[in-house]
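Below: the structure, in structure tokens.
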Amino acid sequence: MTVHHELPTGADFATLAGPHHPAITIYAATSPVVNERERAEVSVKSAFDHAIDQVKHGGASTADLDALRRERDGVLGDFGLWGALSRSLAIFIAPGFTEVFVLPNRLDDAWHVGSHFTLGQLLRAPSQDQEAYALTLSSNEWALWHATPTARATHLETDPSHPTNLDAATNREPGENSPRGGQHGDRGEVGDERGKKLLDIYAKRIADATKHELAAVDPDGRVPLFVFAAEPLLSAFLDRSRNGRRIVGVPGSPDRLAPAEIDAALREQLARLNVAEASQALGTLAEGTAGRVERDLAAIARLAADGAVETLWFDFTTSVNGTLDRETGAVEFAGANGDGDALADGTPAGDLLPQLALLVIAKGGRVVTVRGEDLGEGWTGPVVAELRFALA
């Protein structure tokens, strides 16, 4: 059994692709919180029971069933795995084969049995942002945090010369003419213009400090920043922080958030940002790139084989079964609409959408996984491709 705590690579997908009959795929939402581990274990065990029972009813040999049970027992009995959970598990087993991915993004509970592993959800991890910075900001204190694809949010050390709170930023004695409303100071109950000015000074100084600190670790501004603060301090900070980096405000006092809660909130906000950006990109694509959009799966496959697909969006909740020739891009569907398990000659069929996504990646294109229902009526998937050039 191989356990991965890194995001899946092209080599990992190559190992998982192709026939692995009988193949069991399990996705499970988990949690790094110890007292929530039991729920995840029960969910995975239940998925294994259902999957192996389906394999048995499908006529699998005793040898294959025994091999699958051994692989299952290895997963369930691995205390190192269960002691180091993140937010999801992706498990792929076949006789003599087990690959497990511990992932930072939230996946949907699901299991699948077939001749191929189901890779759509696994592709979500490397195809979407899984890294972010957070600023927790109140009148009492501020702190920067960093969450990565392989680690929970951790506190970033900052230059000690920066002001530590509102009082230090405005050269005031603690409690002097305080603009704070309520115990934690961020309820917007600023009583006078002087109070507003003090908050504005504080917001500007922390905005400058944040810009300085993040420039040292992410000079290109690639990683988004989520700001956890209450009004009016949140708006004051955002007004002074438009510098090219993606910055998202999250209203509410952060004073009592523990590191695990900050990480959970970051992952939730990242998921929302990914959906919003996918929706915006698809909307822009539909409006202004005539001749560079293709929605027919078979046509996209041929174009992907030629290296002509710039970006592929696909709905990981939808399965279209068949086979894909990676050299020519030729597609053969299983059943009339890709809803069968095998081709007419009995050749086992896998989900075409992940196969197509892997081909796009291999040819230098970009893949974005989406959940069609999140994008509303504007989504007309299961796939949409932006081409590198306009078709004649």
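Bear in mind the structure is a predicted one, so any value in this text is a computation, not a measurement.
- The aromatic ring centres of Phe117 and Phe97 sit less than 6.0 Å apart.
- Evaluated for a side chain to side chain donor-acceptor pair (under 3.5 Å) with His112, the options Thr25, Thr118, Asp351 yield exactly one hit, Thr118.
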Leu123 and Ile361: CA distance, side-chain angles, deciding distance, side chain to side chain contact (heavy atoms under 4.5 Å, CB included) verdict: CA-CA 11 Å; Leu123 275 161; Ile361 292 171; 4.2 Å; yes
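- The main-chain N or O of Ser138 is found under 3.5 Å from a side-chain atom of Tyr202 such that the two form a donor-acceptor pair.
- Both Leu324 and Phe314 are part of a single hydrophobic cluster, where members link through side-chain heavy atoms under 4.5 Å apart.
- Between His21 and His116, the ring centre distance reaches or exceeds 6.0 Å.
- Taking CG from Leu352 and OG1 from Thr318, the interatomic distance works out to 12.5 Å, rounded to the nearest 0.5 Å.
- Annotation for Glu261 and Arg256: closest pair OE1-O, 3.6 Å, computed over non-hydrogen atoms.
- The only option from Ile91, Ile93, Val75 that meets the side-chain contact (heavy atoms from CB on, under 4.5 Å) definition with Met1 turns out to be Val75.
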Steps toward side chain to side chain contact (heavy atoms under 4.5 Å, CB included) verdict (Phe79, Leu81): CA-CA 5 Å; Phe79 296 109; Leu81 167 65; over 6 Å; no
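- Minimum interatomic distance between Ser139 and Leu199 (heavy atoms only, all atoms of both residues): OG-CD2, 4.1 Å.
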Verdict with supporting geometry, Glu131 and Arg222, salt bridge (Lys or Arg N to Asp or Glu O under 4.0 Å): CA-CA 10 Å; Glu131 181 181 10; Arg222 178 185 59 84; 3.0 Å; yes
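- One finds the NE2 atom of His146 at 4.0 Å from the OH atom of Tyr133 (value rounded to the nearest 0.5 Å).
- Between the CG atom in Asp129 and the CZ atom in Arg246 there is a gap of 4.5 Å [rounded to 0.5 Å].
- When all heavy atoms of Arg326 and Gln355 are compared, the pair lying nearest together is NH1-O, 4.3 Å.
- For the pair Pro8 and Leu103, the tightest heavy-atom approach, listed with the atom from each and the gap, is CD-CD2, 4.1 Å.
- Of the charged side-chain nitrogens involved, at least one lies within less than 4.0 Å of a carboxylate oxygen, so that Arg245 and Asp218 count as a salt-bridged pair.
- Under the 3.5 Å distance criterion, the side-chain polar atoms of Thr284 are matched with a main-chain donor or acceptor of Gln280.
- Leu270 and Pro224 make their closest contact through CD2-CG, 4.1 Å (heavy atoms, listed as atom of the first residue, atom of the second, distance).
- Considering only heavy atoms from C-beta on, Trp142 comes within 4.5 Å of Leu135 through its side chain.
- Using the six-membered ring where Trp is involved, Phe101 and Phe92 have ring planes that are perpendicular, over 60° apart on the 30 and 60° scheme.
- In this structure, a donor-acceptor pair under 3.5 Å is absent between the side chains of Asp12 and Thr15.
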Chi angles and distances behind the side chain to side chain donor-acceptor pair (under 3.5 Å) call for Thr136, Trp145: CA-CA 8 Å; Thr136 51; Trp145 304 79; 3.1 Å; yes
Worked verdict on Arg87 versus Asp263 for salt bridge (Lys or Arg N to Asp or Glu O under 4.0 Å): CA-CA 10 Å; Arg87 295 181 60 77; Asp263 184 81; 5.2 Å; no
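- Side-chain atoms of Glu386 and Trp313, non-hydrogen and from C-beta on, do get closer than 4.5 Å to each other.
- Taking 4.5 Å as the limit, some side-chain heavy atom of Gln269 sits within range of a side-chain heavy atom of Arg272.
- Listed here is the closest heavy atom pair of Leu107 and Ala29: O-CB, 3.8 Å.
- Side-chain contact check for Pro32 versus Ser86: every heavy-atom pair is 4.5 Å or farther apart.
- Taking a cutoff of 4.0 Å between a charged side-chain nitrogen and a carboxylate oxygen, Asp66 and Arg69 qualify as a salt bridge.
- Inter-residue side-chain proximity for Leu353 and Leu297 is flagged as met; some heavy-atom pair is nearer than 4.5 Å.
- Within the 4.5 Å cutoff, no side-chain heavy atoms of Phe48 are placed close to those of Ser46.
- In this structure, CG on Leu312 lies 10.5 Å from CG on Leu387, to the nearest 0.5 angstrom.
- Between Asn140 and Asp255, the side chains place a donor N or O and an acceptor N or O closer than 3.5 Å (distance only, hydrogens not considered).
- By the 4.5 Å heavy-atom criterion applied to side chains, Ser279 and Leu375 are counted as neighbours.
- Side-chain atoms of Thr98 and Glu71 include a donor-acceptor pair closer than 3.5 Å.
- Between Glu213 and Val217 the shortest side-chain heavy-atom distance does not fall below 4.5 Å.
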